Amino acid sequence: IEVTLEIGRKRWLAFVAESSATDTRQELRLADISKSVPEVTAVSKGLKSFTDIPTTKFAPNGRRLAYLADKFVDAEHGLYWVDLATDAPKGDQLLSSTGKVTAFAWSPDSRYLAYFDDTEDKIFVLDFEGDLSTPIDVGGSTGNPSWIDDTGVFSTTSGIGYSKIDDGESSTPREIVTTHRTVQNISPDGKLVALKASSGMTYCSEVSSVWDRETDEITAQPAVATRYSPNFEFVVTSASSTFELLPVADFTADPIASLANAGNCEALWSPNSKWFATENTDDKLVALSSAGEANQVLAPTGASILAWDWGGGPSTGNRYAGFSSDGRWFRYRATSTVYLVSVSDDGFSNPEAVSAGPVGVTSWFSPNSEILVLWETITGGGTALRFFDVSGTEATDDRVLDSATGTRSIGSGGNSTDPSPNLSFDSSAFIYQVQEDTNEASDLYVIDLLDEDAEGRKLTSLACPPSNACRALKTAVFQP
């Protein structure tokens, strides 16, 4: 999930919901949350009914929205778009071909949209400053379109393909033969690209390679790669439960830091590439330093760190652990408690418990690193959302939205373990779903995070099938 911007006075939020309690076909709706009473419009209204709208993405400049939708009649993937610069945005189908579009990606400048046609096994590019009825044929592919600057990158049957797009014209596609066909990381200057074999998150069992885009040379890594640092200067490799932090410039160099009893191969780099957080076999939080300081081992007494879950959460990703975007904080879940750690160049502070309920389930930082949102169960049943101000040097308990009874569920959409499909936010607003009873409709609210006295503003009521967990809200995406 992603997140917000203004066009004129409007601030758009896109969300996908089911049509009614008895009709599980889906609609894409837009809400102008700049208004005290948000206006909600069904942009897919008038088009064929959709059984599923699996992917919704704003262009980086926020002026367009593209989405995939499965038609109710033939389940064909259609590609649609919404022009948000108009007074009355509505969904229009981009492609009328019989092919199935299964993936797409916006270019960084928002001018181009690359998509994969599953029927023709090709990547095509749409130019929004040109003729949308004539897509640019980039070449054969097996999917996974992405962008590096003005160059479209895609997987092929034999490796990685790429084509530079310049003023609506595609250069002759080039192919690099390699068994690693998925982009994992890109250096800040775009020169080096880390590749891996699969499109999933199985870093524990994969050897990766580095593609030099200036020479088209591929350098294989000697060990399994778990994570490249954001500045692309360091990589942590894993072998036989041992982590080694190595310089990308020389994989054969002596390790900068190592951890012999690594307990989990899923781990996290700090945004400044100084710290690498993971856990050891004693279920302790461990911080490795790329500057060569001694490893720090932290964890509350008797606590064990649970799964580093990469599967859910709003735009900030991991719902159990993560750094704030400015690198000043680290959050993680241990047993039934969520902890917050202050991070500096000198290291990690002692963890502080921030969840108050019997089970602290999930947490996220806002993109501007000023708000920590915590979702937890509360005594007596039900769930609560708690907001912390982390803009300063200490975390301040800012506000609580908690439930009145055990049947009322805030944020979870009826799911006691994963609220992520029902929560999303940007740096100034947070959207959440409330279900009063498992057999009743739920309501969707948005709250202003910058106003301490603000209350949730209702967007709409959503369908909830009888005797079923309310999954009426599928996705929610703010403008970037």
Side-chain angles (χ1 to χ4, degrees), residues 1-2 12 14-17 19 25-30 41-86 88-147 150-156 161 163 165 168 170 173 199 474-477 479-480:
I1 300 182
E2 309 160 3
W12 293 114
F15 63 95
V16 175
S19 300
R25 286 178 289 185
Q26 298 177 11
E27 289 181 342
L28 174 65
R29 304 178 189 179
L30 279 174
T41 303
V43 297
S44 57
K45 189 175 182 179
L47 299 173
K48 291 183 179 180
S49 298
F50 299 132
T51 57
D52 189 23
I53 303 177
T55 308
T56 304
K57 296 179 183 179
F58 283 98
N61 65 9
R63 296 185 176 275
R64 301 182 185 98
L65 176 71
Y67 59 99
L68 291 180
D70 292 351
K71 294 179 182 178
F72 180 71
V73 177
D74 54 15
E76 180 181 293
H77 286 299
L79 181 59
Y80 298 80
W81 79 292
V82 181
D83 184 356
L84 298 174
T86 62
K90 66 182 182 68
D92 290 314
Q93 188 165 3
L94 278 168
L95 301 173
S96 58
S97 66
T98 58
K100 291 185 178 181
V101 179
T102 58
F104 67 89
W106 286 102
S107 64
D109 64 2
S110 302
R111 175 174 173 175
Y112 302 106
L113 185 70
Y115 66 90
F116 174 64
D117 188 311
D118 189 39
T119 302
E120 297 193 39
D121 289 332
K122 282 187 176 184
I123 295 291
F124 294 91
V125 173
L126 292 168
D127 181 1
F128 280 83
E129 294 183 11
D131 184 1
L132 289 177
S133 65
T134 308
I136 303 167
D137 186 343
V138 173
S141 173
T142 58
N144 301 321
S146 61
W147 292 86
D150 58 357
T151 300
V153 179
F154 48 92
S155 58
T156 68
S163 177
I165 309 296
S170 170
S199 58
K474 302 300 179 181
T475 56
V477 186
Q479 280 176 300

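All figures in this text were calculated on a predicted structure; none of them were measured in a lab.
- Annotation: the span from F58 atom CZ to W12 atom CH2 amounts to 9.0 Å, rounded to 0.5 Å.
- Counting heavy atoms from C-beta on, the side chains of V82 and Y80 never come closer than 4.5 Å.
- In this structure, the separation between CG on N144 and OG1 on T102 is 8.5 Å, given to the nearest 0.5 Å.
- Nearest heavy atom pair, residue G143 against residue I123, reads O-CD1, 4.4 Å.
- Ring orientation note: the planes of F128 and W81 are nearly perpendicular, at an angle over 60° on the 30°/60° scale.
- At least one side-chain heavy atom of L84 sits under 4.5 Å from a side-chain heavy atom of L30.
- Among residues two or more places apart in sequence or in another chain, the side-chain contact (heavy atoms from CB on, under 4.5 Å) test is passed with T86 by D83, P89.
- Without hydrogens or angle criteria, Q26 side chain to V16 main chain gives no donor-acceptor distance under 3.5 Å.
- Here the side chain of S141 pairs a donor or acceptor atom with the backbone of S155 at under 3.5 angstrom.
- Using a 4.5 Å heavy-atom threshold, the side chains of V125 and W147 count as touching.
- The two residues W106 and R64 have their closest heavy-atom pair at CH2-CB, 3.7 Å.
- Expressed to the nearest 0.5 Å, how far CG of L28 lies from CD1 of I53 amounts to 5.5 Å.
- At least one donor-acceptor pair closer than 3.5 Å links the side chain of Y112 to the backbone N or O of G168.
- Put simply, the side chain of L68 reaches to within 4.5 Å of the side chain of V101, judged on heavy atoms.
- Distance check: D92 CG to L79 CG gives 11.5 Å after rounding to the nearest 0.5 Å.
- Distance check, rounded to the nearest 0.5 Å: CZ of F116 to CG of D121 gives 5.0 Å.
- Between the OG1 atom in T134 and the CZ atom in F124 there is a gap of 11.5 Å [rounded to 0.5 Å].
- Using a 4.5 Å heavy-atom cutoff, the side chains of P60 and P108 are not in contact.
- Nearest heavy atom pair, residue A105 against residue P145, reads CB-O, 3.5 Å.
- A donor-acceptor pair under 3.5 Å is absent between the side-chain atoms of R63 and the main chain of A85, judged by distance alone.
- Counting all heavy atoms, side chain and backbone alike, L65 lies closest to A14 at CD2-CB, 4.0 Å.
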When you look at D127 and R111, which way does the side-chain contact (heavy atoms from CB on, under 4.5 Å) test go after all the steps? CA-CA 6 Å; D127 181 1; R111 175 174 173 175; 2.7 Å; yes
